Structure formats: structure tokens, C-alpha cells
Amino acid sequence: MKTIYSSLLLMASLFSVTVICNSCAKADTSTNLPKEQQVVGKWVINRVQLKLFYGGVFISDTIIRSQPKPENFVRFDANGKFEYKLNSTVSDTGTYEFTGADLLVTNSAPKMYSWTMLTLTNVLFTVVSKGSDPAFPGAFVERYQTFTR
């Protein structure tokens, strides 16, 4: 009889903990906001991945080593200002704007970034840019970036 009572008490406790934990979780309401508001703020550059193609053939996949000096981040201000800093002591600064449903274009001297948005939530922002890269002559490069808060 004592074993049955202990088992029932254990199951009731686990059920209670499950209900309490699930009811306390905050729902992600970021999809209710327009993308122009969702991107505003500072994002940590979590990962940069390159996929290299030569003559249309996939050759290599690599992740750029993170070497913050002192930090890697991207910042989008509500007034259209942009700042990007990856493995450098100097930031690229300029402006940004959305084009169409999923294209984010930044203008910063001396670089211009054109990112297609893949994922955008209140804690995760992933983008991809495609084209040439002077570091890989003759290659078509897909550059995937993951930003987190």
C-alpha cells in the first residue's frame, strides 16, 4: 500500500512541475512585429559559415573562427543606422534598409552588405549573402551568419 501511495505522489509531483514550467514560459510574440522593429538593437555575431563553389561545384564548407576585438556584433538603430564589427578593432558603419519581403541592404564605407533573411525571432536572426569574395578568387561564396541576443 505504501508503494502505491509513493508512486501516486511522485506522478502527481511530476505532473505539477510540468504544468508549472509550461505555464511560466513566455511565448515568442516577435512574429507579431514588423521586421523593421524586430531587427532593432544589438546582436552578437554568433557564427559565420562559408560555402565555396567553383564552376558551380561545391568545394568547401568552413566556419570563420571568432576572434573578437573586443566583441563581434551587428547593431541596427530604429532610425536606419547600422554598425557591423567582426574580428576587427574598427566597425563598419552606415545605414540599412529593407527591400522586398526578405532582403536587408546596408551601405557602409567601404563595404556594402546585402543579406537575405532566413530566420528572425526575438533571440535569433540568420541571414545569407551570395556572390564573390576577394579572399576566394574565382569562387562563388555563400556566407551564412547567425546573430543572437
Side-chain angles (χ1 to χ4, degrees), residues 10-149:
L10 178 63
M11 288 189 328
S13 297
L14 288 173
F15 178 75
S16 298
V17 167
T18 302
V19 168
I20 290 170
C21 289
N22 285 339
S23 65
C24 293
K26 291 183 179 179
D28 180 9
T29 59
S30 62
T31 56
N32 298 339
L33 297 173
K35 62 186 176 284
E36 292 83 0
Q37 291 177 354
Q38 289 182 60
V39 299
V40 171
K42 184 176 181 179
W43 298 83
V44 174
I45 300 174
N46 190 301
R47 182 173 118 161
V48 179
Q49 177 181 359
L50 303 178
K51 291 186 178 187
L52 304 175
F53 299 84
Y54 286 93
V57 178
F58 173 73
I59 300 296
S60 177
D61 186 5
T62 186
I63 295 174
I64 294 179
R65 185 171 167 230
S66 179
Q67 298 175 321
K69 298 177 184 176
E71 61 183 330
N72 292 332
F73 67 91
V74 61
R75 182 186 339 259
F76 301 96
D77 290 343
N79 60 1
K81 299 289 184 202
F82 166 79
E83 182 178 8
Y84 181 86
K85 186 174 179 186
L86 177 66
N87 296 342
S88 174
T89 56
V90 179
S91 296
D92 294 333
T93 58
T95 60
Y96 73 93
E97 66 180 340
F98 287 94
T99 305
D102 63 353
L103 191 63
L104 175 61
V105 178
T106 66
N107 296 305
S108 61
K111 299 177 184 173
M112 184 176 133
Y113 303 97
S114 180
W115 293 325
T116 301
M117 298 185 328
L118 302 174
T119 307
L120 180 56
T121 69
N122 59 344
V123 294
L124 178 68
F125 185 20
T126 58
V127 297
V128 63
S129 59
K130 299 177 181 182
S132 61
D133 187 324
F136 305 99
F140 179 80
V141 180
E142 292 181 354
R143 183 182 191 99
Y144 295 87
Q145 298 191 64
T146 303
F147 309 136
T148 58
R149 288 195 225 233

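As the structure is a computational prediction, the values presented were derived from the model and not from experiment.
Here Asn122 contributes atom CG and Leu33 contributes atom CG; the two are 9.0 Å apart, rounded to the nearest 0.5 Å. In this structure, OG1 in Thr116 is found 5.5 Å from CG in Asp102, a value given to the nearest 0.5 Å. Atom CG of Leu86 is separated from atom CD1 of Ile64 by 6.5 Å, given to the nearest 0.5 angstrom. In this structure, Lys51 NZ and Thr62 OG1 are separated by 12.0 Å, a value rounded to the nearest 0.5 Å. Note: Thr106 OG1 to Met112 CE = 7.0 Å, rounded to the nearest 0.5 Å. Remark: Trp43 CH2 to Leu124 CG distance equals 7.0 Å, nearest 0.5 Å.
A donor atom on one side chain and an acceptor atom on the other are not found under 3.5 Å apart for Gln145 and Tyr113.
Between Gln49 and Asp61 there is a side-chain heavy-atom pair separated by less than 4.5 Å. Between Pro68 and Phe73, the closest side-chain pair of non-hydrogen atoms is not below 4.5 Å. Looking only at side-chain heavy atoms (C-beta outward), Glu71 and Lys42 come within less than 4.5 Å of each other. In this structure the side chain of Thr93 never reaches within 4.5 angstrom of the side chain of Lys81, judged on heavy atoms. A heavy-atom distance below 4.5 Å is found between the side chains of Asn72 and Asn87. Contact annotation: the side chain of Leu104 approaches that of Phe98 to within less than 4.5 Å [non-hydrogen atoms, C-beta and beyond]. Inter-residue side-chain proximity for Ile45 and Phe147 is flagged as met; some heavy-atom pair is nearer than 4.5 Å.
Here the closest non-hydrogen pair linking Lys35 and Ala101 is CE-O, 3.4 Å. Ser114 and Leu103 make their closest contact through OG-CD1, 3.6 Å (heavy atoms, listed as atom of the first residue, atom of the second, distance).
Side chain of Tyr96 to main chain of Asp77: a donor-acceptor pair is present (N/O by atom type, distance under 3.5 Å, no hydrogens or angles). A side-chain donor-acceptor contact under 3.5 Å links Ser88 to the backbone of Val90. Side-chain N or O atoms of Lys69 include none that pairs as donor or acceptor with a backbone N or O of Lys85 at under 3.5 Å.
Note on ring orientation: taking the six-membered ring where Trp is involved, the planes of Phe82 and Phe76 are tilted (angle from 30° to 60°).
Checked against the 6.0 Å centroid threshold, Phe125 and Trp115 do not count as a close aromatic pair.
Checking each of Thr126, Leu118, Leu50 against Tyr144 for a side chain to side chain contact (heavy atoms under 4.5 Å, CB included) leaves exactly one that passes, namely Leu118.
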